[in-house]
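Everything on this sheet refers to the single structure shown next.
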Amino acid sequence: MNQSEYKSPGKQCTTNLQLDSQHSPVVQLNVGGRLYSTSLGTLRRFPSSKLAEMFNGQPKLRTDAEGRYFIDRDGTHFRHVLEFLRTQRLPTENVPEVYKEALFYDIEPLAKQLEDSPQIFGEVVGRQQFLARVPNYRENLEVIIRIARAEAMAARHSSVIVSVLRTEEDSARYNDAINSLDADKESVVRFGPWKASPTAMDLLDCVKMDIEAKGYKISYQQHVADKGFRFKSYDFFYKFIFTWW
């Protein structure tokens with residue numbers, strides 16, 4: 001795969017793109033600063049893809065100073081996309097990142113095959129399908145972060161109380177439990193119930209994972225009341241602790 005420097009006049013590149021794909025003219029690309037050279041036929045391998053559409057008919061992309069067609073995208077993993085278009089070979093490294101590129105370029109055969117890989121199967125088919133059944137999951141993440149940031153003034157740590165209600169039975173007992181909670185009830189972020197097999201601990205791990213993915217340093221522990229919390233055996237309440245410095 002050629003990523004070396006080269007010069008190609010913009011007029012020549014534009015003319016090539018208007019040729020019939022059977023001639024497979026060479027197309028020179030600048031993908032987020034990474035330089036690639038490939039054929040028009042390779043880029044059009046899957047006609048229904050967004051990538052093929054970019055190079056179908058009249059050019060739809062800007063060119064850089066050297067006349068290379070510019071795609072404003074991180075080009076680090078584009079080489080794996082090109083490799084698949086050329087040989088149908090799947091990547092063995094950086095699979096989640098390549099999967100994102102496959103979705104962006106709408107290369108369905110690549111995306112579908114990557115979804116069968118262990119790295120993507122567990123996330124897309126397992127974890128994300130579970131989280132889709134947890135009401136207001138994404139919204140609750142933002143609430144947790146907003147509360148933690150509001151409490152971070154002149155402090156090294158801030159904490160947020162989260163309640164996890166795995167079942168409808170838990171939900172029915174929730175009001176009694178929260179009335180005895182030694183914390184501001186209005187600031188408790190509630191998850192559940194949900195209809196899926198993962199446990200409360202699985203949900204907590206997902207919350208931690210997704211908040212960490214946003215760049216925060218976070219841990220969690222079961223919330224224990226200072227004064228005789230009579231519903232502590234229900235294990236409804238957990239404390240998420242943000243460390244700021």
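These values consider heavy atoms only, across backbone and side chains, with no hydrogens, waters or symmetry-generated copies. For clarity, every value in this text was computed on a predicted model and none was experimentally measured.
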- Query: Would you call the rings of Phe84 and Phe46 parallel, tilted or perpendicular, where under 30° means parallel and over 60° means perpendicular?
  - Reply: parallel
- Message: The criterion is side-chain contact (heavy atoms from CB on, under 4.5 Å); which residues satisfy it with Glu93, sequence neighbours excluded?
- Response: Arg79, His80
- Query: Between Arg166 and Trp194, is there a donor-acceptor pair closer than 3.5 Å when you use the side chain of the first and the backbone of the second?
  - Reply: yes
- Within-4.5 Å side-chain heavy-atom neighbours: Phe104 and Leu51: no
- Side-chain contact, heavy-atom cut-off 4.5 Å: Leu82 with Leu43? yes
- Message: For the residue pair Arg73 and Phe78, would you count it as a cation-pi contact if the rule is NZ or CZ under 6.0 angstrom from the ring centre and within 45 degrees of the ring axis?
- Response: no
- Message: I'd like to know whether CD of Glu151 has more than 12 heavy-atom contacts from other residues, nucleotides or ligands below 6.0 angstrom.
- Response: yes
- Take the angle between the ring planes of Tyr220 and Tyr238 and call it parallel below 30°, perpendicular above 60°, tilted in between. perpendicular
- Examine Ile147 and Trp244 and state if one hydrophobic cluster contains both, with Ile, Leu, Val, Met, Phe, Trp and Tyr joined whenever side-chain heavy atoms are less than 4.5 Å apart. yes
- Item | Any donor-acceptor pair under 3.5 Å from Tyr36 side chain to Gly75 backbone | yes
- Item | Donor-acceptor contact present, side-chain Ser158 to main-chain Ala152, <3.5 Å | no
- Message: Looking at Asn136 and Asn140, would you say the former's side chain and the latter's main chain have a donor-acceptor pair under 3.5 Å?
- Response: no
- Message: Using the rule given for side chain to side chain contact (heavy atoms under 4.5 Å, CB included), can you reason through Asn56 versus Arg44, listing the C-alpha separation, both sets of side-chain angles and the distance that settles it, and then say yes or no?
- Response: CA-CA 8 Å; Asn56 187 25; Arg44 293 177 175 175; 4.3 Å; yes
- Message: Has Asp202 got a side-chain atom pairing as donor or acceptor with Thr199's backbone, closer than 3.5 angstrom?
- Response: yes
- Message: Ignoring hydrogens, what is the shortest heavy-atom contact between Arg133 and Ala196? Give both atom names and the distance.
- Response: CD-CB, 4.1 Å
- Examine Phe130 and Met201 and state if one hydrophobic cluster contains both, with Ile, Leu, Val, Met, Phe, Trp and Tyr joined whenever side-chain heavy atoms are less than 4.5 Å apart. yes
- Looking only at non-hydrogen atoms, find the nearest pair between Asp106 and Ser48 and report the distance. OD2-O, 3.8 Å
- Item | Single-linkage hydrophobic cluster, 4.5 Å side-chain cutoff, Leu103 and Leu90 together | yes
- Query: Is any side-chain heavy atom of Tyr99 closer than 4.5 Å to a side-chain heavy atom of Ser117?
  - Reply: no
- Going by heavy atoms in the side chains, are Leu165 and Arg190 under 4.5 Å from each other? yes
- State which residues pass side-chain contact (heavy atoms from CB on, under 4.5 Å) with Arg138; sequence neighbours excluded, sorted by chain then number. Gln128, Leu131, Leu141, Asp210
- Item | Pair Ile144-Tyr216, side chain to side chain contact (heavy atoms under 4.5 Å, CB included): steps then yes or no | CA-CA 12 Å; Ile144 290 172; Tyr216 294 93; over 6 Å; no
- Item | Closest non-hydrogen atom pair between Glu123 and Arg127, with its separation | OE1-NE, 2.9 Å
- Query: Once the angle between the rings of Tyr174 and Phe237 is folded into 0 to 90°, is it parallel (under 30°), tilted (30 to 60°) or perpendicular (over 60°)?
  - Reply: tilted
- Closest heavy-atom pair and its distance - Leu85, Arg45: O-NE, 2.9 Å
- Message: In the structure I gave you, are the side-chain heavy atoms of Phe236 and Ile178 within less than 4.5 Å of one another anywhere?
- Response: no
- Message: Are the side chains of Lys214 and Ile145 in contact, using a 4.5 Å heavy-atom criterion?
- Response: yes
- Task: With the side chain counted from C-beta on, respond yes when Met54 and Tyr105 share a heavy-atom pair under 4.5 Å apart, and no when they do not.
- Result: yes
- Message: Any carboxylate oxygen within less than 4.0 angstrom of a Lys/Arg side-chain nitrogen, looking at Lys208 and Glu212?
- Response: yes
- Would you say the side chain of Ile211 lies within less than 4.5 Å of the side chain of Phe242, judging by non-hydrogen atoms? yes
- Task: Check Ile120 against Pro96 and note the closest heavy-atom contact, atom names and distance.
- Result: CD1-CA, 3.7 Å
- Item | Side-chain (Arg156) to main-chain (Trp245) donor-acceptor, under 3.5 angstrom | yes
